[in-house]
**Student:** 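Got a structure for you, questions after.
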4 protein chains.
Amino acid sequence: MTEEGAELRADARRNRERIIAAAAAVLAERGADAPMEEIARRAGVGVGTLYRRFPDRDALFRGVMHSLLVRLTATGRRAQAEEPDAWGALERFLRETAKLRTASLITVLRPRVVRSLQADGELGVARRAWFGLLDEMVLGAQREGAMRTDLGTGDVTLMIAVFTRRVPGLPEDLAGRSLERHLEVLLDGLRATPRRVLTSEPIHAAELEAEAMRSHHGDHQVTGSS
Amino acid sequence: MTEEGAELRADARRNRERIIAAAAAVLAERGADAPMEEIARRAGVGVGTLYRRFPDRDALFRGVMHSLLVRLTATGRRAQAEEPDAWGALERFLRETAKLRTASLITVLRPRVVRSLQADGELGVARRAWFGLLDEMVLGAQREGAMRTDLGTGDVTLMIAVFTRRVPGLPEDLAGRSLERHLEVLLDGLRATPRRVLTSEPIHAAELEAEAMRSHHGDHQVTGSS
Amino acid sequence: MTEEGAELRADARRNRERIIAAAAAVLAERGADAPMEEIARRAGVGVGTLYRRFPDRDALFRGVMHSLLVRLTATGRRAQAEEPDAWGALERFLRETAKLRTASLITVLRPRVVRSLQADGELGVARRAWFGLLDEMVLGAQREGAMRTDLGTGDVTLMIAVFTRRVPGLPEDLAGRSLERHLEVLLDGLRATPRRVLTSEPIHAAELEAEAMRSHHGDHQVTGSS
Amino acid sequence: MTEEGAELRADARRNRERIIAAAAAVLAERGADAPMEEIARRAGVGVGTLYRRFPDRDALFRGVMHSLLVRLTATGRRAQAEEPDAWGALERFLRETAKLRTASLITVLRPRVVRSLQADGELGVARRAWFGLLDEMVLGAQREGAMRTDLGTGDVTLMIAVFTRRVPGLPEDLAGRSLERHLEVLLDGLRATPRRVLTSEPIHAAELEAEAMRSHHGDHQVTGSS
DNA sequence: GATGAATGAGACTTCATTCAT
DNA sequence: TATGAATGAAGTCTCATTCAT
């Protein structure tokens, strides 16, 4: 992502945004392997332009992820402002995150982007903002006694990563319906007074940060993506 | 998969099995795009042999999925036999399914295989056996009053599909730990007396079957994969 | 190069010179394939400006070559004025030409420029001036009895073309050292009383001129370059 | 180069040779940037085949260089066997090396290959054989009193690298003629009793070896090539 | 005039799959 | 039947050059 194009010429900035929008659409539709050309075409620019703005596929993914995080954080802040308590905000925030298109995007983006989330650039900033917000909500909800306390913010983050996953091959309607339904089941599981308290160590924000920090390059871990 | 595997010469059958094992390993490790050559190498055969046994990539995937389903079903039957009630069996079954390697495999295979699950071949049979087992457990647990009744077997299937998903970029240990933890949260959410009863229509086995039936080919649906 | 450079606005002329200087540096460092953008950047101008001044890559190369020839000729004239005899001037002239940076530049430029050397523009003029100077020196040295007479000026020109060649992959120091050393060996070979008189026809200035004249365009002769 | 294909299937080996021959021809004609496709076409195979045999451009270059070195060494050994003294063998060896096609090839190959010459594979072996031969000849000639002693084998190697260079844009006949002529001048310069003894340190075989050893990757030195 | 954005052709590679040995 | 060689389509990326600002 780098620079996020602070001082781009008007036309360049316009193109940059069109590219991000197009990429978001194409990636959500066709998955992470969508050809760059298709994205370019959809944005109404040549491949060259796309590559000038985003030197490689990863840079593009980072750009899209950045824009997504910014949007999500804004959404969350609004929820926080408008809901009476932390749990309410968390619920609403998670529901918004679980919207189909967002979920698809996260699914596609995450694998290619994890290693950059920690870095210093704007992406890191956006990521920490989002993470901080989530942390506030989780801790708040736990303090209110609304949420079980054997889970850390890291747990919730990972659950989101897992939950927003779009089940492949499922048509839009079913996908949407199940996403909503399962989120509710999960929310129920998150409530205080679990039947069986977890004995393993909660995954806290810090641990996840540390982990991301450590990730090396050239690491083709199983991604489930391909 | 197709009818294969019935009357093969001993060595051919041995090859077939080595290929499936190798594919399972490679796919779990390197994701859905692992080169066929790598799989062949790992199985200790030439690509040619691989292709003689599995005419194309999808056939191979189906073969691996078949073997996985068979194993899972056996596991489930055992749980059913050994646990005192249906809920106990379901819990145990889900925990076994959530083992890391299995989860990775499902993540990788599912997208490429959904469209064939319904077909008539051995894969369909294996799939229906697995599905029937799950259905017994779910209905049983609900009848026992241990599980909430606003969920259908289809819901649970999809939850499995989602939950077994491996979070990309996460190291083995964290991945394993979170998988276990989140499963427990989910199980808690599955218990009777939900805080908020779901109002949308449960997803029943039948609906999912019907859906799969309908899926068309050439359809590059969002896969979240690739 | 073409007629350029006569009546330009002061700033335009300044730009032109900065571009030539930058190109000389970049080409000597990164070879003939250096991106135009890099050259522009180094000159502190936009690509657009570069292209306004030099319509295409060849034009730029011609410009750089022109400036090089002019400098070399001036150097040679000075040697002629200051050395007592023609051989002395020739030696000094060749040694100056063999300076590392000059050598690298010639290596890079020559292939792309040969076909234009004869043309009428300023480049041709500069080239003929340089060539005339060399001719004077060679003939003078032979008349003095200091140099073998079975070589023509064309031979010497080609030797320069070959000798100034930078050996790829060699670090600066070794490159410089060998350049100097080999020039001395060559000079020794140029001296009168060769052990074995050459029997083939000397290559005279005229023959080389004629040849250059004849070169066609679109001719991707072996360049050894690229 | 690696393996040089010891145990390749008959057809594969045949193709490998055709590819090397085609590459030698194309590279000599069109320079180092010749498209891989052209080489493949000329060899009568698909690009894929070319890439299976030589994983990348450099591997191909190494293969061609290897075959060239082997041929040159054989030639030199023959000269050594048939000529009465070391100087005679050296002369003949250099003359054969300076044959036009060989010279063009060396020009093109060398830059892309220097860094691998030292490595252990077959290329290194071939290189050391060639180098050892040259060393014998040079030392022998110096011992005989036929060659000046202020030059090391490394000097001669570098002279070859420079001298075999094809002057770009020159038609075959002129190129050939000047190559022969200049070699004679150089040989004359190599003879004993130089007019001016070189004062800088001779470049010995060892020094050149050491240097090559040291070369790092990713080093885009001025190559004069491309 | 200067700038730097946009374009698009073309090079390099990688595999899935077919086919000769 | 097994093998591994050959094919060629498809995707990524780079730059020379043109053009809007």
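Throughout, a chain's letter reflects where its sequence line sits, starting with A, and its residues are numbered from 1.
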**Student:** Take D/Val47 and B/Gly48, find for each the nucleotide of DNA chain F with the closest heavy atom, and name the residue whose nucleotide sits nearer the 5' end.
**Tutor:**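 Mapping each residue to its closest nucleotide by heavy atoms, the 5'-most match is B/Gly48.
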
**Student:** How about B/Tyr51 and B/Met36: do any of their side-chain heavy atoms sit closer than 4.5 Å?
**Tutor:**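 Yes, their side chains come closer than 4.5 Å.
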
**Student:** Please check: side-chain N/O of B/Arg42 versus main-chain N/O of B/Ala22, any donor-acceptor pairing under 3.5 Å?
**Tutor:** no

**Student:** On DNA chain F, nearest-nucleotide positions of D/Gly46 versus A/Glu37: which is more 5'?
**Tutor:**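 Taking each residue's closest nucleotide, the earlier one in sequence belongs to D/Gly46.
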
**Student:** Nearest 0.5 angstrom please: A/Leu60 CG to A/Arg16 CZ, how far?
**Tutor:** 9.0 Å

**Student:** Are any non-hydrogen side-chain atoms of C/Pro35 and C/Arg30 less than 4.5 angstrom apart?
**Tutor:** yes

**Student:** In whole Å, I'd like the distance from the CD1 atom of D/Ile39 to the P atom of E/dC12.
**Tutor:**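 For the pair D/Ile39 CD1 and E/dC12 P, the rounded distance is 8 Å.
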
**Student:** If you check the C/Val45 side chain, which of E/dT3, E/dT7, F/dA2 turns out closest?
**Tutor:** E/dT3

**Student:** Once rounded to the nearest 0.5 Å, what's the spacing between atom CD1 of D/Ile20 and atom CE of D/Met65?
**Tutor:**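 Going from the CD1 atom of D/Ile20 to the CE atom of D/Met65 covers 12.5 Å.
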
**Student:** From the options F/dA6, E/dA6, F/dT3, select the nucleotide whose nearest atom is closest to the side chain of D/Arg53.
**Tutor:**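 Among the listed nucleotides, the one closest to the side chain of D/Arg53 is F/dA6.
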
**Student:** Counting the atoms with a prime plus P, OP1 and OP2 as sugar-phosphate, which does D/Ala43 contact under 4.0 Å by heavy atoms, base, sugar-phosphate, or nothing?
**Tutor:**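 Counting heavy atoms under 4.0 Å across all strands, no contact is made by D/Ala43.
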
**Student:** Considering only side-chain heavy atoms of D/Tyr51, which listed nucleotide, E/dT13, F/dA5, F/dT14, is closest?
**Tutor:**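 For D/Tyr51, the side-chain atoms sit closest to E/dT13.
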
**Student:** Specify the separation, in whole Å, of atom CZ of A/Arg18 and atom P of E/dA6.
**Tutor:** 10 Å

**Student:** Taking the side chain of B/Met36 as its heavy atoms from C-beta onward, which of E/dT17, E/dT14, F/dA2 lies nearest to it?
**Tutor:**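 For the B/Met36 side chain, the nearest candidate turns out to be E/dT17.
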
**Student:** When you measure from the side chain of D/Asn15, which nucleotide among E/dG4, F/dA6, E/dT7 comes out closest?
**Tutor:** F/dA6

**Student:** Below 4.0 angstrom from OP1 or OP2 of E/dA5, is there any side-chain N or O of A/Thr49?
**Tutor:** no

**Student:** From the set F/dC13, E/dC12, F/dA2, return the single nucleotide nearest to any side-chain atom of D/Pro35.
**Tutor:**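 Looking only at heavy atoms from C-beta outward on D/Pro35, the closest nucleotide is E/dC12.
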
**Student:** With distance as the sole test, does C/Arg57 use its side chain to make a donor-acceptor pair with the main-chain N or O of C/Ala32 at under 3.5 Å?
**Tutor:**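 Side chain of C/Arg57 to backbone of C/Ala32: a pair is present.
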
**Student:** Identify the heavy atoms of A/Arg62 and A/Val113 that sit nearest to each other, and give their distance.
**Tutor:**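 Of all heavy-atom pairs spanning A/Arg62 and A/Val113, the closest is N-CG2, 3.9 Å.
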
**Student:** Nearest whole angstrom, please: distance from the P of F/dC15 to the CG of C/Leu50.
**Tutor:**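 So the CG-P distance, C/Leu50 to F/dC15, works out to 15 Å.
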
**Student:** Only Watson-Crick and G-U wobble pairs with both distances less than 3.5 Å should count. Give DNA chain F in dot-bracket notation, marking inter-strand partners with |.
**Tutor:** .||||||||||||||||||||

**Student:** Is the phosphate of F/dT17, meaning OP1 or OP2, less than 4.0 Å from a side-chain N or O of C/Arg57?
**Tutor:**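 The answer is no; no side-chain N or O of C/Arg57 sits under 4.0 Å from OP1 or OP2.
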
**Student:** Nearest to the side chain of B/Arg52, which nucleotide is it out of F/dT7, F/dT1, F/dT17?
**Tutor:** F/dT1

**Student:** What is the separation between atom CG on D/Leu60 and atom P on E/dA11, rounded to the nearest whole Å?
**Tutor:** 16 Å

**Student:** To the nearest Å, give me how far apart CZ (B/Arg16) and P (F/dA2) are.
**Tutor:** 13 Å

**Student:** What nucleotide, of E/dT17, E/dT21, E/dG8, holds the atom closest to the side chain of D/Asp11?
**Tutor:** E/dT21

**Student:** Could you please name the option among E/dT13, E/dT17, E/dA6 that lies closest to any side-chain atom of D/Asp56?
**Tutor:** E/dT13

